[in-house]
Amino acid sequence: MNIGPATKGVVDLRWHEQHEFWNRTFVDIVDVQHIELLAGERLSLSQLTHSVFIFGLKGSAETKLDDRIQRIERFCVLHGGSGNALQLTALDKGFVCYAVAYRALAPVEEAGLDMDPTRMQYAASTRRPLAVMRLFAAMHGCWQQAGPIRPLQLRGYFNAFIQELLQLGEQDSSDVQPDVIVETLHYLQGHFLESISLEQLSSQTGSSTRHLARLFKSRTGLSPIDYILRLRMDYAKQLLQATDATIEEIAHGIGYADSYSFSKRFKKHTGLPPNRYRGESAAYVDFPQARRRAIRHAPCRPKRIVALYLLGDVLSFDVTPVGVSDVYEGSGLRPRLNDAVSLGVWHEPDLLKIRDLQPDLIIAPSHRLFESLRGLAPVIYVDYEWSLAERMSRLSEWLGPSIDFGRRMDYFQEKLESSKNKLRQAGLLDKTVTIVEGGDNGVGVIASKSFGRGSQIVYEYLGMKAPAKLQQMIEQATQARGVHASFDQLEAYAGDFIFRSSYPGMPDLSAREEWNRLPSVREGRVLDISFGLSYFNDLFSLDRQLSYIVDRLLAFAR
């Protein structure tokens with residue numbers, strides 16, 4: 001094993017080939033995360049599904065990529081390739097970082113290379129750490145915002161970071177100039193509604209017009225003027241979808257003298273005139289065997305629906321999907337789905353099966369899925385981490401009002417209040433609860449209200465607390481989160497009650513001394529909850545989880 005800190009520069013990375021590859025490739029950003037690990041906490045990924053860059057912000061961590069162990073400090077960059085096993089263990093002061101997962105869409109063979117930079121493992125300190133930090137922060141901020149220009153913005157920031165990285169391979173490091181394209185992108189995003197010429201842009205950045213135009217095109221794939229046009233048209237699409245502004249008002253608002261000029265340009269950009277775009281939702285279908293591109297439109301009340309993850313939500317609209325993701329045993333949803341086709345796990349569905357179903361509408365529960373599915377049929381994005389009310393509101397825009405949702409929600413609220421009173425009277429509502437899963441070399445501890453495994457019911461709806469260390473993580477979590485705790489760390493996470501997600505073949509912990517030392521284990525306050533029962537967070541599933549969790553707690557009190 002190679003053990004040591006990240007290098008102050010990267011050696012033997014074949015910089016010429018790196019330049020050749022990154023100049024030719026097109027990148028798709030698939031995930032951006034801000035990760036906080038307390039001292040001793042571990043993040044483990046058994047196999048990376050995409051390549052990833054990790055940039056340290058605070059503290060330090062021991063990293064393990066396959067069998068290579070290194071220490072990464074703040075302002076260091078770590079790269080791991082698809083297929084690598086990654087493990088981060090925060091050291092004594094904890095570790096905070098950004099992680100950007102990406103895939104390169106240009107094959108290595110097209111660049112004429114015998115090495116693949118996206119699969120290489122390395123760590124390095126950057127020359128301009130604050131500039132790199134701003135780029136990662138910009139990617140993370142951009143990832144949090146929905147919108148049609150997000151992929152373009154992400155690629156711009158990512159390409160700017162790659163330029164910073166490639167500068168490590170240059171011989172002369174004495175005079176590193178500011179990134180002209182990053183400065184230009186920032187300026188355009190704040191001024192794209194104004195009248196801007198190439199001469200103005202070059203004066204803003206101190207570059208010649210010729211150099212700026214060439215560099216901008218090589219980095220973004222567009223000329224500066226085309227990029228401005230893209231920003232304006234994407235903004236016009238947002239106005240058409242989200243406001244009642246007239247075509248004339250939108251035209252004037254984005255810098256066109258009249259609605260005719262704007263409409264002509266908009267149709268050229270989108271394929272639809274503005275009024276039609278506002279009234280219809282279109283998605284493109286592009287299959288290699290068809291060798292053509294066609295437009296399909298979603299009907300007003302679609303019937304052939306593919307639902308990934310949000311199965312119970314869709315059933316609330318009296319619509320049975322034609323295709324669904326895998327339904328886990330114990331969820332109670334399968335009998336309600338009739339003959340719906342199983343499409344595999346929700347985050348990696350079978351695209352060919354989806355295509356063959358010829359759906360009127362696909363409901364995607366993540367940004368990444370939305371981007372990958374939009375070529376198959378009309379797609380809407382409904383995030384599985386949104387609140388129940390947010391999800392139902394978004395679905396009702398397409399599926400119509402849910403006749404019984406309001407009644408069922410009232411019933412759920414009444415049942416919830418009754419459950420709280422029962423727990424309070426039994427002296428249980430103020431007890432601490434921990435939810436765990438697994439057990440190989442430690443356990444996974446649920447550290448948010450939106451991870452499933454009963455976390456919504458316990459921490460959000462019932463309002464029960466976790467032990468102080470874990471409760472702090474839950475309150476700070478902005479997305480689904482779990483942490484790995486070794487057995488010698490578990491005591492700090494263990495509550496008065498432990499719910500353990502159960503599934504066939506789960507590790508047997510009965511012989512582990514550290515596990516048996518926990519008071520909740522010794523006193524029999526470990527309660528199993530079926531993975532299938534606790535996985536989904538629709539109203540139907542939440543109602544069943546509420547009954548199970550409260551009944552198990554009350555049974556212990558009795």
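In this pair, Tyr309 and Phe536 present their aromatic rings tilted. The plane angle is within the 30 to 60° band. Using the six-membered ring where Trp is involved, Phe531 and Tyr503 have ring planes that are perpendicular, over 60° apart on the 30 and 60° scheme.
With Ser418 contributing its side chain and Glu414 its backbone, the two residues share no donor-acceptor pair below 3.5 Å. Gln471 places a side-chain N or O within 3.5 Å of a backbone atom of Ala466 that can act as its donor or acceptor partner.
Exactly one residue among Tyr102, Tyr98, Phe26, Phe55 makes a ring pair (Phe, Tyr, Trp, His ring centres under 6.0 Å) with Phe158. That residue is Tyr102.
The heavy-atom pair separating Ile457 from Leu542 by the smallest distance is CD1-O, 3.5 Å. Between Gly482 and Phe451, the shortest heavy-atom contact is N-CE1, 3.7 Å. The minimum heavy-atom distance between Pro507 and Arg500, with the atom names listed, is O-NH2, 2.7 Å. Here the shortest heavy-atom pairing between Gly438 and Val443 reads O-CG1, 4.1 Å. The heavy-atom pair separating Leu462 from Lys420 by the smallest distance is O-CE, 3.7 Å. The minimum heavy-atom distance linking Pro117 with His79 is given by the pair O-CE1, 3.3 Å.
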Please list every donor-acceptor pair under 3.5 Å in which a side-chain atom of residues 342-352 meets a protein atom from a residue at least two apart or in another chain.
unit_1: Ser342; atom_1: OG; unit_2: Asp326; atom_2: OD1; d: 2.6
unit_1: Trp346; atom_1: NE1; unit_2: Tyr535; atom_2: OH; d: 2.8
unit_1: Asp350; atom_1: OD1; unit_2: Leu352; atom_2: N; d: 3.1
unit_1: Asp350; atom_1: OD1; unit_2: Lys353; atom_2: N; d: 3.1

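Judged purely by distance below 3.5 Å, without hydrogens or angles, the side chains of Glu248 and Ser259 pair a donor atom with an acceptor atom. Looking at Gln413 and Glu417, their side chains never bring a donor and an acceptor atom within 3.5 Å of each other.
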Take Met139 and Phe53, measure what side-chain contact (heavy atoms from CB on, under 4.5 Å) needs, and give me the verdict at the end.
CA-CA 12 Å; Met139 283 189 277; Phe53 280 106; over 6 Å; no
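A cation-pi geometry, defined here as NZ or CZ lying under 6.0 Å from the six-membered ring centre and within 45° of its normal, does not hold between Arg265 and Tyr256.
By the ring-ring contact (aromatic ring centres under 6.0 Å, His included) test, Tyr381 pairs with His367, Trp386, sequence neighbours left out.
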